[in-house]
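This report refers to the structure that appears directly beneath it.
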There are 2 protein chains.
Amino acid sequence: MSWRKDQRRAERGYHHGNLKEALLQAALDLIAQKGAAGFTFADAARMAGVSPAAPYRHFRDRDELLASIAQRGYEQFEQQLTQAWDDGRPDTATAFERVGKAYLRFAREEPSFYSAMFESGLPVESNPALQAASERAFAVIRAAAERLAALAPPGLPRPPAMMMALHIWSMSHGIASLFGRGDAARRKLPMSPEELLEAEVLIYLRGLGFPTDRKPSAEPGARSAEPPPVPASDGPAGSPTGPWGRPK
Amino acid sequence: MSWRKDQRRAERGYHHGNLKEALLQAALDLIAQKGAAGFTFADAARMAGVSPAAPYRHFRDRDELLASIAQRGYEQFEQQLTQAWDDGRPDTATAFERVGKAYLRFAREEPSFYSAMFESGLPVESNPALQAASERAFAVIRAAAERLAALAPPGLPRPPAMMMALHIWSMSHGIASLFGRGDAARRKLPMSPEELLEAEVLIYLRGLGFPTDRKPSAEPGARSAEPPPVPASDGPAGSPTGPWGRPK
DNA sequence: CAGCTCATGTGAAAGACGTTTACATGAGCC
DNA sequence: GGCTCATGTAAACGTCTTTCACATGAGCTG
């Protein structure tokens, strides 16, 4: 009946050797299958081929394992956002938009991490390391917003970068939470989450007075020979189509 | 030792009389205390003073109780939004902003419902009644967006109301989820969630070409003698302050 | 290499929950 | 008064979390 367990032990010996990693991996798989709420310490142990008590040698309790996953999630998240931002290349606006897309991509492609980070009900503020990781991730968005704010058209008051960052974050998070996952919580949408976010950000930036044609690659210092983009706020004669495409 | 239970039973007789309601109420209290994940069927039964098996006479399982709460939540949510919208009185923009605030207020003042609705991991689409209730709530936002879209300045392409509704929804939801609750998941903010949302919506609407002075009460058909508000997209000479107040 | 030590894993057990089943109660109806 | 059925109880099962005493063996020390 229980030859599986014994065989497994025979294969690997009394000591697992890398249980902590194995547990984290197992937890990720399980969360992907059954959600952050459905995931079980005992299941992870089973999947790693150890007794239900073994995990306690590596994590104080179930919540600490979840927190570890969330923390790794924030680290990967930060990395993805940083990579998407690519220090603002080739131009700030393009890079900025990539960051928003990276947010959605992360939510879709790493639903387990996303779950542990944002939906597990973990008290972020009670875990300093977790909070720090979360803040480092947000700092990427904030830095991007800072650079973008610096490009705000002169003559208008410059928007606070922190506010912009929070706005972009909440847009991305709202879309990701409501519509962003593989098949969970999906309502029928007239457009993809990516398109939805792209339009939202474009409209928002236009509201701040940024020029918003599709290729706003003309920055002070950029080596562009084109004429500067026409601000979208030119009036009725200005842009005939909005960020959502031509009306049908 | 167990006189409490017996006494309770003596007070109310063998039959509870209103167990279903009592369980829903108990569950709300428990979710408020310990979160949607921490809430327990047995606890609710205890709080209602009945045996752990009694709830099964009223709910197929724990998830059905949670779904009932979520459904009531959506109904109350719809009601609050409808009331905030007040059919667009006194003017569309004011009422629209009230809807956003109502969203945040609901998240803050009914965290139990909000939890059950958005954070419990319930598969909304698997429960037709729940899904319908959720869609009725969204329909309020959508109807408001419809009215607002109809007021879009002429000459520019009219934004799709559905898209606007989804944008407003995701903004509100993002802010509520990230910053909106009593003390959970709160990061230190330079402004209140309400102010953050108000600024975001204002910037967004301006991006769509809507006039955005603080009292945009001039609508076609409104009994206003003022001149129409100046569009915010007038250029550098236009509005000296943004939605976030004067720069310091 | 022998022996020690300590990190790591095991098994058993206690206590909580979810859920089912057979049985008890009593409110409402004939 | 007696029946019936919705509603509640007790007991039991399997699972999960967590703890504790004990087992194992990897790696250091001499």
Side-chain angles (χ1 to χ4, degrees), chain A residues 1-27 29-31 33-69 120-122, chain B residues 1-27 29-31 33-69 120-122:
Chain A
M1 315 309 172
S2 66
W3 61 272
R4 297 202 95 276
K5 196 153 114 190
D6 295 347
Q7 189 199 16
R8 242 188 184 150
R9 189 140 76 219
E11 282 168 5
R12 64 145 231 258
Y14 189 92
H15 288 283
H16 183 287
N18 201 14
L19 184 53
K20 189 162 187 171
E21 276 312 311
L23 286 171
L24 287 166
Q25 190 52 56
D29 292 354
L30 288 169
I31 292 176
Q33 286 173 33
K34 314 193 287 189
F39 137 78
T40 247
F41 221 31
D43 251 340
R46 230 186 324 271
M47 187 165 297
V50 296
S51 80
Y56 289 86
R57 296 293 176 197
H58 299 276
F59 302 96
R60 197 174 354 82
D61 56 19
R62 183 180 172 284
D63 275 5
E64 195 181 277
L65 170 52
L66 219 57
S68 287
I69 292 190
S120 63
L122 278 183
Chain B
M1 315 318 172
S2 68
W3 60 274
R4 300 201 93 275
K5 195 154 116 190
D6 296 348
Q7 189 200 16
R8 242 183 184 158
R9 189 141 77 220
E11 282 166 5
R12 62 142 233 258
Y14 188 92
H15 288 285
H16 183 288
N18 201 13
L19 184 53
K20 188 161 187 171
E21 277 311 312
L23 286 172
L24 286 166
Q25 190 52 57
D29 291 354
L30 288 168
I31 292 175
Q33 286 173 34
K34 314 193 286 187
F39 138 79
T40 249
F41 222 30
D43 251 341
R46 228 186 324 271
M47 187 165 298
V50 296
S51 79
Y56 289 86
R57 296 295 177 195
H58 300 275
F59 302 96
R60 194 173 1 78
D61 55 18
R62 181 182 173 283
D63 275 4
E64 195 181 276
L65 171 51
L66 220 56
S68 287
I69 291 189
S120 64
L122 279 182

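These figures come from a predicted structure and were not determined experimentally. Every chain is numbered from 1, with letters handed out A, B, ... down the list of sequences.
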Find the distance [X]:[atom1] to [N]:[atom2] and express it as a whole number of Å.
X	N	atom1	atom2	value
A/Leu65	D/dC16	CG	C1'	15 Å
A/Leu30	D/dC16	CG	P	11 Å
B/Lys20	D/dA6	NZ	P	14 Å
A/Phe59	D/dT17	CZ	C1'	16 Å
B/Glu21	D/dT7	CD	P	13 Å

At what distance, to the nearest 0.5 angstrom, does CG of A/Leu19 lie from NE2 of A/His58?
4.0 Å

Can you name the residues that form a side chain to side chain donor-acceptor pair (under 3.5 Å) with A/Lys34, not counting sequence neighbours?
A/Asp43

What pairs with A/Gln25 under side chain to side chain donor-acceptor pair (under 3.5 Å), at least two apart in sequence or on another chain?
A/Asp29

N/O donor-acceptor pairs under 3.5 Å from side chains in residues 60-67 of chain A, not counting sequence neighbours:
from: A/Arg60; atom 1: NH2; to: A/Glu64; atom 2: OE1; distance (Å): 3.0
from: A/Asp61; atom 1: OD1; to: A/Asp63; atom 2: N; distance (Å): 3.2
from: A/Asp61; atom 1: OD1; to: A/Glu64; atom 2: N; distance (Å): 3.0
from: A/Arg62; atom 1: NE; to: A/Phe39; atom 2: O; distance (Å): 3.2
from: A/Arg62; atom 1: NH2; to: A/Ala36; atom 2: O; distance (Å): 3.3
from: A/Arg62; atom 1: NH2; to: A/Phe39; atom 2: O; distance (Å): 2.9
from: A/Glu64; atom 1: OE2; to: A/Arg60; atom 2: N; distance (Å): 3.3

Would you please name every residue forming a side-chain contact (heavy atoms from CB on, under 4.5 Å) with A/Ala45, sequence neighbours left out?
A/Val50, A/Pro55

Quick one: list whatever passes side-chain contact (heavy atoms from CB on, under 4.5 Å) with A/Ala53, sequence neighbours left out.
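If we apply the side-chain contact (heavy atoms from CB on, under 4.5 Å) test to A/Ala53, skipping adjacent residues, the hits are A/Ser51.
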
Under 4.0 Å: is that the gap between some side-chain N or O of B/His58 and OP1 or OP2 of D/dG8?
yes

At under 4.0 Å between heavy atoms, what does B/Gly17 touch on the DNA or RNA strands: base, sugar-phosphate, or nothing?
sugar-phosphate

Atom pairs under 3.5 Å: protein N/O with N/O of nucleotides 16-19 of chain C:
from: C/dC17; atom 1: OP1; to: B/Arg46; atom 2: NH2; distance (Å): 3.3
from: C/dC17; atom 1: OP2; to: B/Arg46; atom 2: NH2; distance (Å): 3.0
from: C/dC17; atom 1: O3'; to: B/Thr40; atom 2: OG1; distance (Å): 3.3
from: C/dG18; atom 1: OP1; to: B/Phe41; atom 2: N; distance (Å): 3.0
from: C/dG18; atom 1: OP2; to: B/Phe41; atom 2: N; distance (Å): 3.1
from: C/dG18; atom 1: OP2; to: B/Ala42; atom 2: N; distance (Å): 2.7
from: C/dT19; atom 1: OP2; to: B/Tyr56; atom 2: OH; distance (Å): 3.1
from: C/dT19; atom 1: OP2; to: B/Arg62; atom 2: N; distance (Å): 3.2
from: C/dT19; atom 1: O5'; to: B/Tyr56; atom 2: OH; distance (Å): 3.4

